[in-house]
Chemist: 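Below are the structure tokens for one structure; questions will follow.
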Number of protein chains: 2
Amino acid sequence: MSIEDSIIEDGSGREPLVPKAVVSRLSLYLRELQHLSRSEQKTISSSKLGRALGFTAAQVRKDFAYFGQFGYPGIGYRCDELIEQIKKILGTNKTWPVVLVGCGNMGQALLGYRGFAKQGFDVVAVVDVDKGVLGKTYQGLVVDHIDLLPEIVKRHSLRVAILAVPATAAADAADQILKSGITGILNFAPVTLNVPKNVSLIEVDLAMELEQLAFSVFQKNQGQ
Amino acid sequence: MSIEDSIIEDGSGREPLVPKAVVSRLSLYLRELQHLSRSEQKTISSSKLGRALGFTAAQVRKDFAYFGQFGYPGIGYRCDELIEQIKKILGTNKTWPVVLVGCGNMGQALLGYRGFAKQGFDVVAVVDVDKGVLGKTYQGLVVDHIDLLPEIVKRHSLRVAILAVPATAAADAADQILKSGITGILNFAPVTLNVPKNVSLIEVDLAMELEQLAFSVFQKNQGQ
DNA sequence: GCGTGTGAACACATTCACAGCA
DNA sequence: TGCTGTGAATGTGTTCACACGC
């Protein structure tokens, strides 16, 4: 079974094949493996990798098994090899150009964030509507008007956008993003966006994450 | 069944009772309900609420049923009432003081983020180790040295911290946070933290989110 | 009629346990 | 012996379908 057929479609129009939960763990495995690789660790077993991340060994093996056979019995997995495989699966073995929509507080922080580049993402353009930032340069990028998005998308063959505008502006900005031909949005605005189902959407709501944390703390102390 | 017994412990030492997935949807419901409430919407049915968020009506009803009976047959749920109930469940009906650890790029953006206050969180202190920011004032808060954390925690009765330092500094910072008596960490550093199991931990890795988005886009286009 | 609350049925995800390979 | 890959068993979460209340 090759990687290509193993993912997504099975030709019959049915959906999943690879559970969503597995894919999200893939990113965690990748992060940990890169960490190990930097510490000169050549191979790792499913049990050790699992222990490091809080999963069982069986789960680690089964997760990888969705995509092929990457391990060596008696040895484990070769870190560098597995890193390449996971990147290939995620599609991040090649760099993705990205446009940032919204250059306020959060947008500027994201622009300065080194972690994106490290994982194969390159912010190549920034747009906004606010005259306060239009034309200014941040991290070497001049902020363009959002109306130029279709052109920018075409020029850089963009497929994904990071949306980091205030909640009130999010729906409009999302509309413009969709019209520009982009098919993936990482949304930081605390608003539920409705996108056609051929467009991918990931929502990150910082306040929601804090709420989840609060609940967990609250609960452990029996509500006090 | 009162709310208090319904959550967490059943006295036997067994764990879940309320699935984690349910709790994370609770935050989404809350956000949507607050949105509806602001648009003067008095009541909402499980089917409409579900449609707005992409869930089935049954799931919405079952989620709430974990915590009690909040709906009115033939009517639906009263928005304001449900908002209060969810806040009570999450523990955010009272404001949570929070300390920010790390005042770089990301930390400063989080400090300026209005969304936290809106959901009942108040950043009351900021600490760092970098001389470049120590003593400076951001959003009305003076940046203290991280060594002062135990004192700060006591003074404000803090229970949760937001960790926003570079990956290389994360483990040390986390140690100091744990020693200060804090029992909940929202970690933005792309590093797996190991914390005792009485401490709650939520990890937000921005690059991982982009990876997940990339995979989803990649997949939909059959890998091209 | 409309809409909740909920046991029962179903689908999905995780863990177990073992055959097989280095 | 150490460790992978995987069917079978278990466990968890979601959806169905219907009794009941407004």
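Quantities reported herein were computed from a predicted structural model and do not represent experimental measurements. Below, chain A is the first sequence line, B the second, and so on; all start at residue 1.
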Chemist: Can you check the Ile44(A) CD1 to dT4(D) C1' distance for me, whole Å?
Modeler: 14 Å
Chemist: Where do Tyr77(A) and Gln85(A) land on the side chain to side chain donor-acceptor pair (under 3.5 Å) test, with the steps shown first?
Modeler: CA-CA 11 Å; Tyr77(A) 301 86; Gln85(A) 290 289 358; over 6 Å; no
Chemist: Any chance you could measure Glu211(A), atom CD, to Leu30(B), atom CG, to the nearest 0.5 Å?
Modeler: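 So the gap between those two atoms works out to 5.0 Å.
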Chemist: Which pair of heavy atoms, one from Val60(A) and one from Ser46(A), lies closest together, and at what distance?
Modeler: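 Answer, listing the atom of Val60(A) first, then Ser46(A): CG2-O, 3.8 Å.
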Chemist: What is the distance, to the nearest angstrom, from the CG atom on Asp63(A) to the C1' atom on dC12(C)?
Modeler: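 In whole Å, dC12(C) C1' and Asp63(A) CG are 14 Å from each other.
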Chemist: Need one value for Ser47(B): base, sugar-phosphate or nothing, where a base atom within 4.0 Å counts as base even if backbone is also close, heavy atoms only.
Modeler: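 Nothing, no nucleic acid heavy atom in range.
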Chemist: Measure from NZ on Lys20(A) to P on dT14(C) and round the result to the nearest Å.
Modeler: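 To the nearest whole Å, that distance equals 13 Å.
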Chemist: Taking all non-hydrogen atoms of both residues into account, name the closest pair between Ala170(B) and Leu193(B) and its distance.
Modeler: O-CD2, 4.3 Å
Chemist: Would you name the heavy atoms of Val165(A) and Gly102(A) that are closest together and state the gap between them?
Modeler: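 Smallest interatomic distance, heavy atoms only, reads CG1-CA, 3.6 Å.
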Chemist: Without decimals, in angstroms, what is the distance between Gln59(B) CD and dT6(C) P?
Modeler: 16 Å
Chemist: If you look only at distance, which donor and acceptor atoms sit under 3.5 Å apart when one is on a side chain in residues 105-124 of chain A and the other is two or more places apart or in another chain?
Modeler:
from	atom 1	to	atom 2	distance (Å)
Asn105(A)	ND2	Gly112(B)	O	3.3
Gln108(A)	NE2	Cys103(A)	O	3.0
Gln119(A)	NE2	Gln34(A)	OE1	3.0

Chemist: Suppose we screen for side chain to side chain contact (heavy atoms under 4.5 Å, CB included). Which residues come up paired with Ser45(B), at least two apart in sequence or across chains?
Modeler: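 So Ser45(B) forms a side chain to side chain contact (heavy atoms under 4.5 Å, CB included) with Ser47(B), Lys48(B).
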Chemist: Can you check whether Val23(A)'s main-chain N or O pairs, donor with acceptor, with Gln212(B)'s side chain at less than 3.5 Å?
Modeler: yes
Chemist: Heavy-atom contacts under 4.0 Å between residues 24-34 of chain A and DNA chain D, which residues?
Modeler: none
Chemist: For Lys48(B) and dC2(C), give me the distance from atom NZ to atom P, rounded to whole Å.
Modeler: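 Going from NZ in Lys48(B) over to P in dC2(C) covers 11 Å.
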Chemist: Verify the contact: side-chain N or O of Ser46(B) to OP1 or OP2 of dG3(C), cut-off strictly under 4.0 Å; return yes or no.
Modeler: no
Chemist: Minimum heavy-atom separation for Ser37(B) and Asp80(B), please, with both atom names.
Modeler: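 Reported closest heavy-atom pair: OG-OD1, 2.8 Å.
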Chemist: So how far is it from Ser24(B) OG to Phe215(A) CZ, rounded to the nearest 0.5 Å?
Modeler: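 One finds 11.0 Å between OG of Ser24(B) and CZ of Phe215(A).
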Chemist: Please work out if Tyr77(A) contacts a base, only the sugar-phosphate, or nothing of the nucleic acid, heavy-atom cut-off 4.0 Å.
Modeler: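 The answer is sugar-phosphate, as Tyr77(A) gets under 4.0 Å only of primed atoms, P, OP1 or OP2.
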Chemist: Could you list the donor-acceptor pairs under 3.5 angstrom formed by side chains in residues 177-191 of chain B, with sequence neighbours left out?
Modeler:
from	atom 1	to	atom 2	distance (Å)
Ser180(B)	OG	Ile177(B)	O	2.6
Asn187(B)	OD1	Ala189(B)	N	2.8
Asn187(B)	ND2	Ala189(B)	O	3.1
Asn187(B)	ND2	Val191(B)	O	3.2
Asn187(B)	ND2	Glu203(B)	OE1	3.0

Chemist: Identify the pairs formed between an N or O of the protein and an N or O of nucleotides 20-22 of chain D at a distance under 3.5 Å, and give each distance.
Modeler:
from	atom 1	to	atom 2	distance (Å)
dG21(D)	N2	Gly74(B)	N	3.2
dC22(D)	O4'	Pro73(B)	O	3.4

Chemist: Rounding to an integer number of Å, can you tell me how far Gln69(A) CD sits from dG7(D) P?
Modeler: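 Whole-Å distance recorded here is 11 Å.
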Chemist: Just the rounded figure in Å: distance from P of dC3(D) to CZ of Arg78(A).
Modeler: 14 Å
Chemist: Scan nucleotides 16-18 of chain D against the protein and return all N/O pairs shorter than 3.5 Å with their distances rounded to 0.1 Å.
Modeler:
from	atom 1	to	atom 2	distance (Å)
dA17(D)	N6	Arg61(B)	NH2	3.4

Chemist: What is the distance from CZ of Phe55(B) to P of dT15(D), rounded to the nearest Å?
Modeler: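 Distance, rounded to whole Å: 10 Å.
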